[in-house]
Every structure is written in C-alpha cells, then in structure tokens.
Amino acid sequence: MTQEKSDSHEEGIEIPFEQINPDTLQNMLREFVTREWADLGDSDYTLDDKVAQVLQQLEAHTAKVVYDVTTETWNIVAANQRLASKSTT
C-alpha cells in the first residue's frame, strides 16, 4: 500500500487507530513522520520524538488515520478535516 499526501481533503473512511495492529501503527507513524518532516536532521526532535508527538495527537483525537478508498492509500490528517463524499449519480 502506498501513501499519498492530500492538499485539501481525503476521500475515504476514518480508521480508528486503536484497531490497527500496534506494530503496523508504529510503522505507519514512522513512515508518516519521515514523509511529513523530511528535515529530521535539522530538527531538535528525533524520529522517535516526532512519532510520539503524532501518537499523542491520535490519542487526543486531534488527528486521525484516514484510508482513501479511491487511491487505496492512507494518511494521518487533522481531526477537524472533513472527508469528501462521492456522489453516485
């Protein structure tokens, strides 16, 4: 499964992070952090620090995991970001 960054919104469904296998979630968080914060070497925070920050956001429900059914990819987005709905007309 590949991951894609979306500029405006995700078309898909929210996946409760608690239902994701812990090892899989850790891998997802590490991939997300390295994708979103490519300048890890220029930061005062380590990869593990940033992974912990994103996990805290998931636990506080200020971020959520979204699976995009159109592209078959996942992303972590702000919890207040609306999901797009597709009409079938």
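Only a predicted model underlies this, so the values are computations on that prediction, with no experimental measurement involved.
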Between Asp49 and Thr46, do the side chains contain an N or O donor and an N or O acceptor separated by less than 3.5 Å?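 Short answer, yes.
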Can you measure from [atom1] ([X]) to [atom2] ([Y]) and round to the nearest 0.5 angstrom?
X	Y	atom1	atom2	value
Leu29	Leu25	CG	CG	4.5 Å
Arg30	Arg35	CZ	CZ	15.0 Å
Ile20	Glu18	CD1	CD	8.5 Å
Gln53	Leu58	CD	CG	12.5 Å
Asp68	Ile13	CG	CD1	10.0 Å
Trp74	Thr24	CH2	OG1	11.0 Å

Find out whether [X] and [Y] are in side-chain contact, i.e. whether some heavy atom of one side chain is under 4.5 Å from a heavy atom of the other.
X	Y	answer
Ile15	Met28	no
Ile76	Lys64	no
Val65	Glu14	no
Val51	Phe32	no

### Message
Donor-acceptor pair, distance only, cut-off 3.5 Å: does the side chain of Asn75 make one with the backbone of Val77?
### Response
no
**Request:** For side chain to side chain contact (heavy atoms under 4.5 Å, CB included), just list the numbers for Phe17 and Leu55, CA-CA rounded to whole Å, side-chain angles, deciding distance to a tenth of an Å, and then say yes or no.
**Result:** CA-CA 9 Å; Phe17 78 95; Leu55 181 57; 4.3 Å; yes
